Amino acid sequence: MTDSVTGPVPTIGVLALQGDVREHARALRSAGARAVPVRRPQELEQVDGLVIPGGESTTMWKLARAFDLLDPLRKRVEAGMPAYGSCAGMIMLADRIRDGVAGQETVGGIDMTVRRNAFGRQVDSFETDVTLPVLQPPGPFRAVFIRAPWVESVGDSVEILGRIEGGERTGRIVAVRQGRLVATAFHPELTGDFRVHRYFAELVRQAMEEG
């Protein structure tokens with residue numbers, strides 16, 4: 001079921017090179033957006049915003065380069081296109097990476113340093129409640145972490161939206177925003193809670209209205 005929304009219906013692309021493309025598309029439709037796959041530069045030009053899904057950041061970077069998408073992605077982000085990255089997508093939106101492979105590139109745009117696979121391997125996947133005050137309605141968000149990164153440091157222009165609370169991971173930054181760019185270390189598309197996607201869809205609507 002699509003949530004009740006106001007304002008224009010945004011067309012939001014999901015970078016469809018690898019990762020949870022179908023799940024993000026479903027979440028975006030539930031958030032009142034039109035979701036389309038993006039694999040080519042001409043498809044990128046048709047969207048109002050973009051989701052960069054989870055997956056494997058090194059594979060995603062290599063495929064983006066092979067499909068001649070990396071530079072167009074950078075140009076659209078620099079020009080103000082809203083973008084949201086989850087897990088590997090967070091890495092792709094980071095200006096700096098720790099523990100990346102030799103020569104690994106990103107789209108960039110968020111003034112942050114992200115540590116790749118910071119929470120461990122696949123067997124170290126976990127779920128925990130994260131408080132994200134920007135979400136509506138308010139309340140804890142059950143976050144799924146799978147080979148997830150964390151944010152080690154941010155610049156002055158980056159807003160920290162959420163941290164891990166409790167346990168040995170307490171204080172780790174797992175959600176951020178800089179302007180029209182949003183990133184989370186976890187996978188909201190794997191839950192039935194679409195508040196993160198609603199938050200991003202509203203950000204895209206605002207950008208459309210601002211022109």
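These numbers were taken from a predicted model, which means no experiment stands behind them. Positions are given from 1 along the sequence.
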Undergrad: Do side-chain atoms of Arg180 reach the backbone of Gln206 as a donor and acceptor pair under 3.5 angstrom?
TA: no
Undergrad: Indicate yes or no: does Lys75 engage Glu78 in a salt bridge with an N to O separation below 4.0 Å.
TA: no
Undergrad: Carefully, step by step, assess Ser57 and Gln104 under the rule side-chain hydrogen bond (donor to acceptor under 3.5 Å, both in side chains).
TA: CA-CA 9 Å; Ser57 62; Gln104 183 170 352; 3.1 Å; yes
Undergrad: What do the steps show when you test Arg76 against Val47 for side-chain contact (heavy atoms from CB on, under 4.5 Å), and what is the final call?
TA: CA-CA 10 Å; Arg76 285 226 56 194; Val47 301; 3.9 Å; yes
Undergrad: Distance check, rounded to the nearest 0.5 Å: Thr113 atom OG1 versus Ile173 atom CD1?
TA: 10.0 Å
Undergrad: Between Asp48 (side chain) and Pro10 (backbone), is there a donor-acceptor pair under 3.5 Å?
TA: no
Undergrad: Are Tyr84 and Tyr199 close enough that their ring centres sit under 6.0 Å apart?
TA: no
Undergrad: Please report the C-alpha distance between Met208 and Val204 in whole Å, then the side-chain angles of each, then the deciding distance to 0.1 Å, and finally whether the side-chain contact (heavy atoms from CB on, under 4.5 Å) criterion is met.
TA: CA-CA 6 Å; Met208 293 169 65; Val204 177; 4.3 Å; yes
Undergrad: Mind checking the CG-CG spacing from Leu181 to Leu50? Nearest 0.5 Å is all I need.
TA: 10.5 Å
Undergrad: Salt-bridge test for Arg26 and Glu23: reply yes if a basic N is under 4.0 Å from a carboxylate O, no otherwise.
TA: no
Undergrad: Same cluster or not: are Val36 and Val51 linked, directly or through other Ile, Leu, Val, Met, Phe, Trp or Tyr residues, by side-chain heavy atoms under 4.5 angstrom apart?
TA: no
Undergrad: For the hydrophobic clusters of this structure (ILVMFWY residues joined by side-chain heavy atoms under 4.5 Å, transitively), does one cluster hold both Ile164 and Val196?
TA: yes
Undergrad: Just so I know, are the side chains of Trp61 and Val101 near enough to count as touching, which here means a heavy-atom distance under 4.5 Å?
TA: yes
Undergrad: Within this structure, what is the CE-CE distance for the pair Met92 and Met60, rounded to the nearest 0.5 Å?
TA: 6.5 Å
Undergrad: Any side-chain heavy-atom pair from Asp193 and Phe141 closer than 4.5 angstrom?
TA: yes
Undergrad: What's the shortest heavy-atom distance between Pro133 and Leu161, and which atoms?
TA: CD-O, 3.4 Å
Undergrad: Would you call Asp20 and His187 a side-chain contact if the rule is heavy atoms closer than 4.5 Å?
TA: yes
Undergrad: For residues 99-119, pull every pair meeting salt bridge (Lys or Arg N to Asp or Glu O under 4.0 Å), keeping only residues two or more places apart or in separate chains.
TA: Glu56-Arg116, Arg65-Glu105, Arg74-Glu105, Arg96-Asp111, Asp99-Arg115, Arg115-Glu152
Undergrad: Could you check whether any side-chain heavy atom of Asp156 comes within less than 4.5 Å of a side-chain heavy atom of Val158, counting everything from C-beta outward?
TA: no
Undergrad: Looking at Trp150 and Ala118, what are the two nearest heavy atoms and their distance?
TA: CD2-CB, 3.3 Å
Undergrad: For a quick test of reading the model, state the closest non-hydrogen atom pair linking Glu165 to Thr170 and the distance between them.
TA: C-OG1, 4.0 Å
Undergrad: Take Ser86 and Glu189 through the test side-chain contact (heavy atoms from CB on, under 4.5 Å) and record every step on the way to the result.
TA: CA-CA 9 Å; Ser86 66; Glu189 76 281 4; 3.8 Å; yes
Undergrad: Please examine the side chains of Ser153 and Met112, heavy atoms only from C-beta on, and report whether any two atoms are closer than 4.5 Å.
TA: no
Undergrad: Could you name each residue pair satisfying salt bridge (Lys or Arg N to Asp or Glu O under 4.0 Å) that touches residues 130-146, not counting sequence neighbours?
TA: Glu127-Arg142, Asp129-Arg142
Undergrad: Indicate the ring-plane relationship of His197 and His24, choosing parallel, tilted or perpendicular according to the 30° and 60° boundaries.
TA: tilted
Undergrad: Nearest 0.5 Å, please: how far is CG in Leu44 from CG in Leu69?
TA: 6.5 Å
Undergrad: Under 4.5 Å between any side-chain heavy atoms of Val182 and Val176, yes or no?
TA: no
Undergrad: Can you tell me how far CG of Asp68 sits from CG of Leu73, rounded to the nearest 0.5 angstrom?
TA: 11.0 Å
Undergrad: Sub-3.5 Å donor-acceptor pair from the side chain of Glu202 to the main-chain atoms of Arg198, do we have one?
TA: no
Undergrad: Do you know which two heavy atoms are closest between Ile110 and Ala183, and how far apart they sit?
TA: CD1-CB, 4.0 Å
Undergrad: Arg169 versus Phe119: any side-chain heavy-atom pair under 4.5 Å?
TA: yes
Undergrad: About how many Å separate CZ of Phe145 and CZ of Phe126, when rounded to the nearest 0.5 Å?
TA: 4.5 Å
Undergrad: Do Leu17 and Ile91 sit in the same hydrophobic cluster, where Ile, Leu, Val, Met, Phe, Trp and Tyr count as joined when their side-chain heavy atoms come under 4.5 Å apart?
TA: yes
Undergrad: So, do Val14 and Val38 sit near enough that their side-chain heavy atoms are less than 4.5 Å apart?
TA: no
Undergrad: Is Leu190 linked to Leu15 within one hydrophobic cluster, defined over Ile, Leu, Val, Met, Phe, Trp and Tyr using a side-chain heavy-atom separation of less than 4.5 Å?
TA: no
Undergrad: Provide the closest heavy-atom pair for Ala201 versus Ile12 in the form atom of the first, atom of the second, distance.
TA: CA-CD1, 4.0 Å
Undergrad: Which heavy atom in Met90 sits nearest to a heavy atom in Val114, and how many Å separate them?
TA: CG-CG2, 4.1 Å
Undergrad: Indicate, with yes or no, if Val77 and Phe200 share a hydrophobic cluster defined by side-chain heavy-atom contacts under 4.5 Å among Ile, Leu, Val, Met, Phe, Trp and Tyr.
TA: no
Undergrad: Please lay out, stage by stage, how Arg163 and Val174 fare under the test side-chain contact (heavy atoms from CB on, under 4.5 Å).
TA: CA-CA 5 Å; Arg163 297 177 184 264; Val174 294; 5.6 Å; no
